[in-house]
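Order of the sequence lines sets the chain letters (A, B, ...), proteins ahead of strands, with each chain counted from 1. FYI, side chains are in, hydrogens and waters are out, and symmetry mates aren't considered; it's all heavy atoms of this structure.
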Amino acid sequence: TDESDVHDEL
Amino acid sequence: MNIFRLAGDMTHLASVLVLLLKIHTIKSCAGISLKTQELYALVFATRYLDLFTDYISLYNTLMKLIFLVSSFSIVWYIRHHKIVRRSYDKDQDTFRHYFLVLPCFLLALVINEKFTVKEIMWTFSLYLEAVAILPQLVLLQRTRNIDNLTGQYVFLLGAYRSLYILNWIYRYFTEPHYVHWITWISGLVQTLLYADFFYYYFQSWKNNVKLELPA
């Protein structure tokens with residue numbers, strides 16, 4: 001998955 | 001990671017620990033809305049689907065596990081623990097929280113950043129979290145006498161999202177492509193729902209009187 005897909009906040 | 005987000009996560013963690021502490025030590029859930037706790041368990045279950053697929057950091061994974069385990073164990077305590085369940089006031093906790101789930105899901109189908117299962121579930125969890133506190137706020141209005149731990153729980157829960165708003169502002173100005181309107185708007189709506197509670201919480205703290213919400 002490209003970076004933008006991943007949600008890094010809880 | 002910035003200080004606002006870390007403070008937000010710690011405040012969120014504190015709210016859950018205050019609630020678990022209350023339920024575990026005094027074996028009571030008086031004044032706590034089971035409906036809100038069920039909605040929060042659903043929020044975490046639908047938001048952390050990527051728990052095993054996308055590894056971001058140890059912190060991220062650890063916090064997700066803590067939120068999942070704590071939210072589901074709170075629901076278990078209130079529903080099944082032989083002593084705690086007796087203090088659950090189901091006649092007062094009557095908010096039709098299922099009526100919140102469907103609109104949030106439909107909205108997530110229509111307004112999302114990407115039409116994939118994971119993204120729609122994530123967006124659904126954002127919308128649901130924005131309104132998950134409603135059963136609890138309604139219950140507080142009804143029961144009027146708010147014990148300290150419950151008041152602190154709701155206060156910390158509202159404060160965490162306010163800190164997240166500062167985090168979004170900080171990231172917007174420091175990270176060039178950081179734009180998430182859906183997150184920002186739903187987070188803002190969530191915080192606004194706490195506004196009147198904050199007002200009365202602050203008044204009671206300032207005048208050093210017991211926290212009471214107007215009927």
Side-chain angles (χ1 to χ4, degrees), chain A, chain B residues 1-2 4-6 8-13 16 43-44 46-51 53-57 59-68 71 112-119 121-123 125-126 129 160-161 163-165 167-168 170-171 175-180 182-184 186-187:
Chain A
T1 57
D2 61 86
E3 240 344 86
S4 69
D5 268 14
V6 177
H7 295 287
D8 64 351
E9 291 180 349
L10 290 172
Chain B
M1 171 63 82
N2 60 66
F4 303 113
R5 192 166 128 212
L6 183 62
D9 289 343
M10 291 305 110
T11 307
H12 193 189
L13 182 65
V16 162
V43 164
F44 292 131
T46 51
R47 184 172 304 177
Y48 299 153
L49 294 175
D50 61 352
L51 182 62
T53 55
D54 303 330
Y55 179 79
I56 292 163
S57 70
Y59 170 83
N60 189 275
T61 304
L62 210 57
M63 291 296 278
K64 285 177 178 175
L65 285 170
I66 292 171
F67 285 135
L68 279 168
S71 59
N112 53 62
E113 285 179 6
K114 198 171 178 189
F115 199 79
T116 63
V117 171
K118 200 174 75 172
E119 189 62 28
M121 295 309 275
W122 185 82
T123 311
S125 81
L126 269 185
E129 186 189 0
Y160 118 79
R161 216 59 180 155
L163 287 164
Y164 251 75
I165 289 174
N167 151 65
W168 292 323
Y170 177 86
R171 293 189 74 175
E175 296 172 34
H177 305 297
Y178 184 78
V179 178
H180 289 292
I182 291 175
T183 311
W184 298 344
S186 99

task = Starting at CG of Asp8(A), measure out to OH of Tyr178(B) and round the result to the nearest 0.5 Å.
result =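 It comes to 6.5 Å.
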message = Once rounded to the nearest 0.5 Å, what's the spacing between atom OG1 of Thr183(B) and atom CD of Glu9(A)?
response =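 Separation between the atoms: 7.0 Å.
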Engaged part of Asn60(B) at the chain A interface, taking heavy atoms whose separation is under 4.5 Å =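 It is both, since atoms from each part get that close.
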message = Please classify the contact between Phe44(B) and chain A as side chain, backbone, both or neither, with a heavy-atom cut-off of under 4.5 Å.
response =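 Nothing of Phe44(B), per the 4.5 Å heavy-atom cut-off to chain A.
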ask   = Looking at Tyr164(B) and Leu10(A), what are the two nearest heavy atoms and their distance?
value =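 Scanning both residues completely, I find the closest heavy atoms to be OH-N, 3.4 Å.
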Side-chain donor or acceptor of Asp50(B) paired with backbone N/O of Val6(A) under 3.5 Å =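 No.
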inquiry  = Quick check on side-chain hydrogen bond (donor to acceptor under 3.5 Å, both in side chains): which of Glu113(B), Lys118(B), Glu119(B), His180(B) does His7(A) satisfy it with?
reply    =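 Exactly one option meets the side-chain hydrogen bond (donor to acceptor under 3.5 Å, both in side chains) with His7(A), and it is Glu119(B).
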